[in-house]
Student: 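Quick one: the structure is below, and I'll ask about it shortly.
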Amino acid sequence: MIARALFLFLLGSCSIAQGSEQLGCPYPSSIKFRDGHFQSENGQWKSLEVEAASFLDRFVGAVFVPLEGQQRQQGYVEYCLYKAGNNQWVNLRFQAPERHFSMSLTDSLHWVPARGPFEQDIYLCTDSQPDNCSFTLKRSKSWPGR
């Protein structure tokens with residue numbers, strides 16, 4: 001009986017691990033300027049089109065928007081914020097392979113509650129290390145390879 005319960009627990013843990021991934025904002029050194037955009041080497045993060053090519057000098061922080069109130073279990077990272085060498089502010093947004101995913105802050109301690117410009121609840125991460133602004137990406141079972 002105990003062996004069966006342990007097996008079911010391990011099986012459930014494996015399926016949960018396959019459906020989620022711990023991510024963080026990319027380091028400035030891993031972001032390149034290509035085709036009018038800043039983007040991470042792996043293509044998961046990309047800026048809007050910018051006029052002047054430069055380099056990203058430093059990571060400034062990130063913004064998470066919860067889907068309901070101040071709950072941390074479900075929402076999305078609005079952007080990771082960087083300062084470019086030419087003093088330009090650059091936002092990088094997460095580029096998911098498809099729309100069906102959610103993000104969670106439940107495993108991260110560096111996000112603090114705040115109020116957004118339109119009085120909505122948000123979380124800010126202003127730690128100087130981008131991977132401290134981490135979150136969990138929960139993938140839909142419909143993603144390729146699932």
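Remember, it's a predicted structure, so these values are computed and weren't measured experimentally. Numbers for residues simply follow the sequence, beginning at 1.
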Student: Just verifying a value: how many Å separate Asn132 CG and His110 NE2, rounded to the nearest 0.5 Å?
Tutor: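 Taking CG in Asn132 and NE2 in His110, the distance rounds to 3.5 Å.
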
Student: Cluster question for you: counting only ILVMFWY and a side-chain heavy-atom cut-off of under 4.5 Å, with indirect links fine, are Trp89 and Ile122 together?
Tutor: yes

Student: When you measure from the centre of the six-membered ring of Tyr82, is the NZ or CZ of Arg58 closer than 6.0 Å and no more than 45° off the axis?
Tutor: no

Student: Can you tell me how far apart CG (Leu23) and CD (Gln44) are? Round to the nearest 0.5 Å.
Tutor: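 One finds 5.5 Å between CG of Leu23 and CD of Gln44.
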
Student: With rounding to the nearest 0.5 angstrom, report the NZ to CD distance, Lys46 to Gln95.
Tutor: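 Lys46 NZ to Gln95 CD: 6.5 Å, rounded to 0.5 Å.
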
Student: Verify the distance criterion only: is there a donor paired with an acceptor across the side chains of Gln70 and Tyr123 at less than 3.5 Å?
Tutor: no

Student: Go through Arg115 and Asp121 one step at a time and tell me if the side chain to side chain contact (heavy atoms under 4.5 Å, CB included) criterion holds.
Tutor: CA-CA 5 Å; Arg115 300 294 284 172; Asp121 292 318; 2.5 Å; yes

Student: Give, for atom CG of Leu92 and atom CD1 of Ile31, the distance between the pair rounded to the nearest 0.5 Å.
Tutor: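 Going from CG on Leu92 over to CD1 on Ile31, the span is 5.0 Å.
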
Student: Identify the two heavy atoms, one from Val60 and one from Lys83, that lie closest to each other, and give their separation to 0.1 Å.
Tutor: CG2-N, 3.9 Å

Student: Any non-hydrogen side-chain atom of Leu105 less than 4.5 Å from a side-chain atom of Phe135?
Tutor: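 A side-chain contact exists here, since the closest heavy-atom pair is under 4.5 Å.
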
Student: Hydrophobic clusters here meaning ILVMFWY residues chained together by side-chain heavy-atom distances under 4.5 Å, can you tell me if Leu56 and Val50 are in one?
Tutor: yes

Student: One pair to check against side chain to side chain contact (heavy atoms under 4.5 Å, CB included): Phe55 and Asn86. What are the steps and the verdict?
Tutor: CA-CA 8 Å; Phe55 62 94; Asn86 62 1; over 6 Å; no

Student: Checking the side chain of Gln71 only, and the main-chain atoms of Gln74 only, is there a donor and an acceptor separated by less than 3.5 Å?
Tutor: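 Yes.
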
Student: Hey, are Ser104 and Gln73 close enough side-chain-wise for a donor-acceptor pair under 3.5 Å?
Tutor: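 Side-chain D/A pair, Gln73 to Ser104: absent.
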
Student: Tell me if a side-chain donor or acceptor on Arg93 pairs with a main-chain N or O of Glu78 at a distance below 3.5 Å.
Tutor: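 Side chain of Arg93 to backbone of Glu78, a donor-acceptor pair under 3.5 Å: yes, one is there.
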
Student: Quick one: does any side-chain atom of Ser40 pair with a main-chain N or O of Trp45 as donor and acceptor, under 3.5 Å?
Tutor: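 Yes.
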
Student: Using 0.5 Å steps for rounding, measure from the CG atom of Leu109 to the SG atom of Cys125.
Tutor: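 Leu109 CG to Cys125 SG: 10.5 Å, rounded to 0.5 Å.
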
Student: Applying the 4.5 Å side-chain criterion to the ILVMFWY set and letting contacts propagate, would Tyr27 and Val90 be lumped into a single cluster?
Tutor: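 Each belongs to a different hydrophobic cluster.
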
Student: For the backbone of Ser47 and the side chain of His37, can you confirm whether one donor and one acceptor N or O come within less than 3.5 Å of each other?
Tutor: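 Yes: the side chain of His37 pairs with the backbone of Ser47.
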
Student: Report yes or no: do Thr136 and Gln22 form a side-chain donor-acceptor pair below 3.5 Å?
Tutor: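 Side chains of Thr136 and Gln22: pair found under 3.5 Å.
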
Student: Would a single hydrophobic cluster contain both Tyr79 and Phe33, if residues Ile, Leu, Val, Met, Phe, Trp and Tyr are joined by side-chain heavy-atom contacts under 4.5 Å?
Tutor: yes

Student: Return yes if some donor-acceptor pair links the side-chain N/O of Trp111 with the main-chain N/O of Ser134 below 3.5 Å, else return no.
Tutor: yes

Student: How about Cys133 and Cys80, are their SG atoms within less than 2.5 Å of each other?
Tutor: no

Student: Does a side-chain heavy-atom distance below 4.5 Å link Cys25 with Phe59?
Tutor: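 Cys25 reaches Phe59 side chain to side chain.
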
Student: Quick one: CG on Leu67 to CE on Met103, what's the gap to the nearest 0.5 Å?
Tutor: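 One gets 11.0 Å once the value is rounded to the nearest 0.5 Å.
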
Student: Is it true that, when you exclude Asn42 itself, more than 12 heavy atoms of the residues, nucleotides or ligands shown sit nearer than 6.0 Å to its CG?
Tutor: yes

